[in-house]
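Structure, as structure tokens:
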Amino acid sequence: MGTYNIPEIARNVFSVGSKDWNRRMFDSLIPLPEGTSYNSYLVKGEKKTALIDTVNPGFEEELEVKINMVSDLKKLDYLIMNHAEPDHANAIQFILEKAPDALFVTTEKGVKMARLYHKLPDSRIKTIAEGDSLDLGGKTLRFIEAPWLHWPETMFTYLPEDKVLFPCDFFGAHTAHGTYDEDIEEIIPLAKRYYGEIMMPFGKMGDRALEKIKGLDIETIAPSHGPVYKNPKRIMDQYDKWTAGKTENKALIVYVSMWGSTREMVRTIAETLLKEGVDVRMYDLAVSDIGDVARELVDSRAIILGTPTVLAGMHPLALYGTYLVKALKPPARYGVVLGSFGWGGGALRQAGDILTPSNMEVVGTLQVKGRAKDEDLKKIEEIGRQLAQKMKT
Ligand code: FEO
């Protein structure tokens with residue numbers, strides 16, 4: 001059976017999920033430089049026991065062993081599903097088979113989503129709604145619907161006696177490192193990156209969820225990825241800013257360059273912005289981790305795209321980056337598009353087509369043939385100064 005570390009995150013509340021140290025990609029989209037964890041929590045009341053969420057495919061047996069180290073899986077009473085995505089819900093059938101009396105507890109929307117992936121007998125389902133609760137004996141589980149964070153069925157579970165909130169993906173961070181939030185300085189950039197990748201398109205729903213939980217007395221936040229927060233105010237304060245779309249005086253430059261011409265153009269605007277006191281983050285899309293870009297999108301006030309024209313359109317990597325920027329719905333207020341071409345343009349037009357409609361004001365665009373001449377670079381400096389001026393207001 002081996003040894004497992006099973007943190008007791010509150011009295012009789014055990015973290016029984018798994019760390020996936022070497023996973024490096026999520027959803028075939030999101031790079032995971034520090035792996036991730038699939039947190040599952042066992043709550044033992046005086047009369048009943050509940051499991052909140054399960055684990056990713058491949059970790060079912062580890063979950064079984066851990067539950068049996070602190071309880072008896074066969075006697076589990078409830079399996080709570082906060083979210084149907086398979087990284088948390090994949091072991092539903094496995095658990096229901098091992099725990100013959102356990103009821104599967106989730107919202108109506110949760111049942112519909114879970115049925116897309118799992119066979120669930122009607123007799124095992126207990127449907128709950130906003131504000132409902134389950135009495136475990138000395139411990140109560142209260143349910144809070146939090147739709148679209150980040151799937152339609154998501155909900156939070158709250159344990160008032162121990163002041164623990166289980167918000168599933170919300171407040172999460174993809175990292176296998178750490179159990180608690182002692183190293184908050186290391187966790188916040190990861191949580192921000194996670195927010196940018198997963199939650200940012202649903203910022204308004206996040207704002208609503210924060211309002212809903214503001215009245216709760218919360219001492220511990222136990223998300224489904226990353227460390228447990230024992231000082232939840234710090235992550236909640238960050239989420240307050242992020243969901244409200246508060247930006248910094250910061251410009252994010254994402255670019256691709258084949259022969260250095262576009263690079264020279266974005267370097268020129270970067271230097272101008274730095275001179276004007278703007279914080280600049282620059283990423284070459286050919287070599288960058290897209291998660292870093294997502295993190296910077298969370299609070300950048302301006303986005304500058306640089307792309308050469310390839311076969312009458314944007315460079316494919318710039319096309320991918322632009323599509324992601326649009327889909328992630330960042331709060332940036334200003335945009336600039338720069339690029340170069342050899343014989344026929346097209347990249348700028350395509351960027352405009354993709355980014356329209358958008359809430360961003362396009363402060364300037366410039367497309368040059370071949371290398372940027374001195375007069376082109378002067379135009380870029382002027383665009384940079386105008387952008388810096390606007391960003392201050
Ligand atoms: Fe971590 Fe949306 O699943």
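Note that the structure is a prediction, hence the values are computed from the model and not measured. Start at 1 and go down the list; that is how both ligands and their atoms are numbered.
At least one N, O or S atom of His225, from either the backbone or the side chain, sits less than 2.8 Å from atom 1 (Fe) of ligand 1.
Taking atom 2 (Fe) of ligand 1 as reference, Asp169 places its N/O/S atom OD2 nearest. When atom 2 (Fe) of ligand 1 is compared with the N/O/S atoms of His83, atom NE2 turns out nearest. Within Glu85, the N/O/S atom positioned nearest atom 2 (Fe) of ligand 1 carries the name OE1. Taking atom 1 (Fe) of ligand 1 as reference, Asp87 places its N/O/S atom OD2 nearest. Taking atom 2 (Fe) of ligand 1 as reference, His150 places its N/O/S atom NE2 nearest.
None of Tyr194, Phe171, Tyr195 except one satisfies the ring pair (Phe, Tyr, Trp, His ring centres under 6.0 Å) rule with Trp242; the exception is Tyr195. Test Phe26, Tyr38, Trp21 against His174 for ring pair (Phe, Tyr, Trp, His ring centres under 6.0 Å) and you get one pass: Phe26.
Two rings, from Phe156 and Phe166, have their centers 6.0 Å or more apart.
Defined by atom type and a distance below 3.5 Å, a donor-acceptor pair is missing between the side-chain atoms of Arg142 and Ser133.
Not one N or O on the side chain of Thr307 forms a donor-acceptor pair closer than 3.5 Å with the backbone of Met314.
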